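Data first, discussion second: the structure below is written as structure tokens.
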2 protein chains.
Amino acid sequence: MLTEAIALLDADGEGALTFRALAARLGGGVASIYWYVSSKDELLDRATDQVISEYVARIADLPGSEDPLADLRALAVDLFDTIREHPWTGRYMMRDSSTQPHVVRAYEALGEQVMRLGMPPRETFHAVSTVLGFVIGTAIDLGQEPPAELAATLADRDSGLEQYAQVWRDLDPEEFPYIHAIIEEFVGHDDADQFRAGLDLILEGMRQQAGGAADADRAGASAGPD
Amino acid sequence: MLTEAIALLDADGEGALTFRALAARLGGGVASIYWYVSSKDELLDRATDQVISEYVARIADLPGSEDPLADLRALAVDLFDTIREHPWTGRYMMRDSSTQPHVVRAYEALGEQVMRLGMPPRETFHAVSTVLGFVIGTAIDLGQEPPAELAATLADRDSGLEQYAQVWRDLDPEEFPYIHAIIEEFVGHDDADQFRAGLDLILEGMRQQAGGAADADRAGASAGPD
DNA sequence: ACCTGAACACCGTTCAAGT
DNA sequence: ACCTGAACACCGTTCAAGT
């Protein structure tokens, strides 16, 4: 059942997951679903955990290096990609630990890399929260479909980004110097690049906070100060 | 009308904003609303812009210092607080530039501070996107009410955080060393602190990327290397 | 130009009843 | 133990009709 729910969500977004649509797909009645799940919220929670369980299985096979920040980076990038493939999961991450055991395992995996930096518990907790907040927040932000109206009016444009750019170009350059400075960057930008650049900013801040030498368990050759 | 809509949204969350409820509050019929607004999405977009217009007015009075990162930090903290006071705005930020002119102004204000760091357009764009993604993402994440079920079952607990902690304490400490390491931090944590710590991580990364000396327009006395 | 009542086509959820 | 049809109490949106 979760598999069918995920298929519906991936295909047409959160609005497409209807108990009636799901029941039709399963060849049963609407009310049957309530035997397996107590509400639509719980269905989304469980579907999200299912998606993350694949992520957890995947990262278990990762080699791991002597550089905690490099490993953390790899985990974060994969998590970002996972959420982007299933944009609806972003909003249901970590809502209920008991029905989402795999989400807890994912957090644990990220956290263990940060622990290797040897910072006190509070700094460790804040660092992990920051990375997760950025990964999930950015994935949600980039994943939301534009308002239907806009998409329909100017759908013939190259990428959809042009629609925003058009409005921006009409702004007074004196009054909006920043917007005009980055407008071409915005039009040609790639979501994944943008995410990675931000992640590196955070990781750089973490390395700085951890005290320059990022490796607490090993001598660090690759992560020296620059 | 927007004022009444915002009052409803603030009082009882996004689910409480109903065209019927709004019409009742305005003492009119349901269909009247469609003369001012073409859909519920547009209503939310405009209400969000209204909230942000107050933010924009507020930051216009800010003094501004010789340290761009300090100014950027102040802008980001205020934006975070604004979104947290109206948690529903997070998801409607920057959806339509033409109906949300104040959101564009807010982005411009953050961007102008980053421009002072003198980085190339691409790095500048990425840095601003990172800060915004983190601010909005974190505000959404922290702002979402827990699943109704959980809230009802154990509502007598101190803060609600204990509910998560309880599940975590039962996890195997060997298998979940990170979770156990930060569990007490989590229980006592303050959302605003957590946000600020993450923001400082990003700002530290930006200072590093901008080349150590953060001030491009002035000699920097307060922002030296530590 | 502005507002309305009544309908339309949906929702999630419940419940008595079936096997 | 598992499933069902039919109903309930809602939604956003439309539309012909009013002033």
Side-chain angles (χ1 to χ4, degrees), chain A residues 1-50 87-89 91-92 95-96 99-100 144-153, chain B residues 1-50 87-92 95-96 99-100 144-153 155:
Chain A
M1 181 176 76
L2 286 182
T3 317
E4 291 299 335
I6 292 171
L8 275 170
L9 288 160
D10 286 345
D12 298 298
E14 195 167 337
L17 181 66
T18 291
F19 275 42
R20 286 169 175 82
L22 183 56
R25 223 174 146 117
L26 293 167
V30 214
S32 317
I33 301 166
Y34 282 91
W35 196 87
Y36 297 96
V37 110
S38 73
S39 74
K40 191 176 179 181
D41 259 10
E42 195 192 313
L43 177 62
L44 268 299
D45 284 348
R46 301 200 109 97
T48 297
D49 197 62
Q50 169 96 329
W88 47 273
T89 55
R91 289 185 33 229
Y92 292 90
R95 279 166 45 92
D96 184 349
T99 58
Q100 298 184 305
Q144 64 182 321
E145 49 240 88
E149 166 211 349
L150 252 190
T153 318
Chain B
M1 181 177 77
L2 285 182
T3 317
E4 291 298 334
I6 292 172
L8 274 171
L9 287 160
D10 286 345
D12 297 298
E14 195 167 338
L17 181 66
T18 289
F19 275 42
R20 286 168 174 83
L22 182 57
R25 220 172 147 120
L26 293 166
V30 214
S32 318
I33 302 166
Y34 282 91
W35 195 87
Y36 298 96
V37 111
S38 74
S39 73
K40 192 177 179 181
D41 259 10
E42 197 192 313
L43 177 61
L44 268 299
D45 285 348
R46 300 200 111 97
T48 298
D49 197 61
Q50 169 97 329
W88 48 273
T89 56
R91 289 186 31 229
Y92 293 89
R95 279 166 45 92
D96 184 349
T99 57
Q100 299 184 304
Q144 64 181 323
E145 48 241 87
E149 165 211 351
L150 251 190
T153 317

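Just so we're on the same page: letters track the sequence lines, and every chain starts at 1. Remember, it's a predicted structure, so these values are computed and weren't measured experimentally.
- One C1' atom belongs to D:dA16, the other to C:dC3, and the distance between them is 13 Å to the nearest Å.
- Atom CG of A:L44 and atom CD1 of A:I6 lie 10.0 Å apart (nearest 0.5 Å).
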TODO: Report the secondary structure of DNA chain D in dot-bracket form, marking unpaired bases with a dot and bases paired to a different strand with |, and treating Watson-Crick or G-U pairs with both distances under 3.5 Å as paired.
DONE: ||.|||||...|||||.||
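- Looking at the side chain of A:T18, the nearest of the listed nucleotides D:dT13, C:dC11, C:dT14 is C:dC11.
- Rounding to whole angstrom units, CD of residue A:E14 and P of C:dG12 are separated by 11 Å.
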Atom pairs and distances, donor-acceptor, side-chain atoms in residues 22-34 of chain A, under 3.5 Å, two or more places apart:
from, atom 1, to, atom 2, distance (Å)
A:R25, NE, A:E4, OE1, 2.6
A:S32, OG, A:G29, O, 3.1

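- The distance from the OH atom of A:Y92 to the CG atom of A:D49 is 15.0 Å, given to the nearest 0.5 Å.
- Backbone-only engagement by B:L17 is indicated by non-hydrogen atom pairs under 4.0 Å involving sugar-phosphate atoms exclusively.
- With contacts defined as side-chain heavy-atom distances shorter than 4.5 Å, the pair B:T48/B:R91 does not qualify.
- Between the B:K40 side chain and the B:L17 main chain, a donor and an acceptor come within less than 3.5 Å of each other.
- Atom NZ in A:K40 sits roughly 4 Å away from atom P in C:dG12 (whole-Å rounding).
- No donor-acceptor distance shorter than 3.5 angstrom exists from the side chain of B:E14 to the backbone of B:L9, with no hydrogens or angles considered.
- Rounding to whole angstrom units, CG of residue B:L26 and C1' of C:dC2 are separated by 14 Å.
- Residues forming a side chain to side chain contact (heavy atoms under 4.5 Å, CB included) with A:R46 (at least two apart in sequence, or on another chain): A:L2, A:V37, A:E42, A:T99.
- Between the OH atom of A:Y36 and the CE atom of A:M1 there is a distance of 7.5 Å, given to the nearest 0.5 Å.
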Open item on the list: Each nucleotide in nucleotides 3-8 of chain D should get exactly one letter: B, S or -. Can you fill that in based on protein heavy atoms under 4.0 Å?
Closed with: SBB-B-
